[in-house]
Amino acid sequence: MKVDIAINARWIIPVEPESVTYEHHTLIIDKGRIVDLLPTTEASQKYQADSVENLDRHALIPGLINCHTHAAMTLLRGIADDLHLMDWLQNHIWPLEHQWVGEAFVRDGTDLAIAEMIRGGTTCFNDMYFFPEITAQQAIHHGIRAGIGMILIDFPSAWAENADRYIEKGLELHDRLRHEPLIITPFAPHAPYTVSDEPLQKVRTFADELDVPVHMHVHETKHEVDEAFEKSGTRPITRLNEFGLINPSFVAVHMTQLLDDEIELFASSGAHIVHCPESNLKLASGFCSVAKCLDAGINVALGTDGAASNNDLDMFGEMRSAALLGKAVANDASAIPAMTALKMATINGAKALGLDNEIGSLAIGKSADIVAIDLSGIETQPIYCPVSQIVYAASRHNVTDVWVSGKRLLKQRRLTTLDLADLTLKIDLWRQRLSR
Ligand SMILES: CSC[C@H]1O[C@@H](n2cnc3c(O)ncnc32)[C@H](O)[C@@H]1O
Ligand SMILES: [Zn+2]
């Protein structure tokens, strides 16, 4: 049988079924989809592939899904470090965004983010930022999968003057992008403290109508929860629930300070959580009780947040941090084992975005979004368990090859759709402008 690609690998970790690792197996890809997974000894008899890859020192995993980021904020990486969230946002980031954010900023910042993410094995990112049409254009151009947020915030920006215009422009974008195979368009209201009641209620109505996720920062800090309670007598999650937003389309980012009944509400409603351990640590925002949430049955995915609060877009780092921090918070070394961290970065992310029929595991019929990791270096020896090496010992620098929908975006560590020399020059121009 003629097919497009055969990848022979030392290990294949499909994620579904869980805890299975195939050795000396082959993934067969045709027309962008996984069509077979079988022992390498059988593959060459059954298939004639246009291209055969021999990755005999490598593990194949599903593409990593960064469920929360602000891609273009790579241009603000390192410009305002070591601050608490509200000081960081109000006194540094928002003034800088007011001065600099426009189409060119978002184009170049997004390109930098996409280059970094592909080289780190991320094949899908869920974004929330101004000028989302530019983020979408760059994602499509470079071949990476993305959730492009229909953003909403009460204050005016260079992109929209008021809440109604944000919603209108978001809906126009949704319409324009609805046939793009690599793009979805979740609603992305910024946070409970920056979006007032009326626009939030509109989001609920439109999200139901269009059947899209609602992606929002929620309970990032104790300050956010306390301030809401002082002003209105309700906690943010109670208010969101009153608007009917806590449902299977809801993707709540951060979720620190959770009470038991809030965990119960998320579990019974089918809403999702995106845990961003490194951003939470760096801004000293607080802790998400990930083990408790998972035990309650909540789907918990992973995100980096933006590069101005992390300061990288490294999902390997995020898996490791989630596993380590999860143990510390639960006071239990058996909490968040390596396989759980890998699931959070793959299939759980796919579920949160409503894409689990398409991505998140190396299953026959799914899109060929695949990452190859070279485990032959001394840093990852000896290999008793490849998943343990990937989460606890390997790094993004071990990623050698990446495919999205069967298209190779990284070939032996070289990006196929981005020119790094040209990008580096553009980024340095931004550094010079922003340093003045
Ligand atoms: C409406 S576009 C997104 C908006 O969010 C800001 N942002 C970036 N990181 C965070 C964070 O951790 N918490 C809250 N808001 C954040 C970003 O600067 C944009 O203004
Ligand atoms: Zn964020």
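Counting starts at 1 for both ligands and their atoms, in listed order.
No side-chain heavy atom of I140 sits less than 4.5 Å from a side-chain heavy atom of L182. Taking the side chain as every heavy atom from C-beta outward, P62 and D369 never approach each other to under 4.5 Å.
At least one N/O/S atom of H70, from backbone or side chain, sits under 2.8 Å from the Zn ion (ligand 2). Residue D305: an N/O/S atom is found under 2.8 Å from the Zn ion (ligand 2). Put simply, H254 stays out of reach of the Zn ion (ligand 2), with no N, O or S atom under 2.8 Å from it.
In this structure, atom 17 (C) of ligand 1 lies nearest to the protein heavy atom E97 OE2, 3.4 Å.
Proximity of the aromatic rings of H70 and H68 is defined here by a centroid distance below 6.0 angstrom, and this criterion is met.
Among M86, H68, H217, the residue whose heavy atom lies closest to atom 10 (C) of ligand 1 is H217. Among H70, E220, K282, H190, the residue whose heavy atom lies nearest to atom 9 (N) of ligand 1 is H70.
The side chain of D305, and not its backbone, has at least one atom closer than 4.0 Å to an atom of ligand 1 (non-hydrogen atoms only; side chain from C-beta on). Contacts of W88 with ligand 1, taken as heavy-atom pairs under 4.0 Å, involve the side chain alone.
Each of the following atoms of ligand 1 lies closer than 4.0 Å to a heavy atom of Y129: 2 (S), 19 (C).
Within the model, atoms CD1 of I118 and CG of L313 stand 12.0 Å from one another, a figure rounded to the nearest 0.5 Å.
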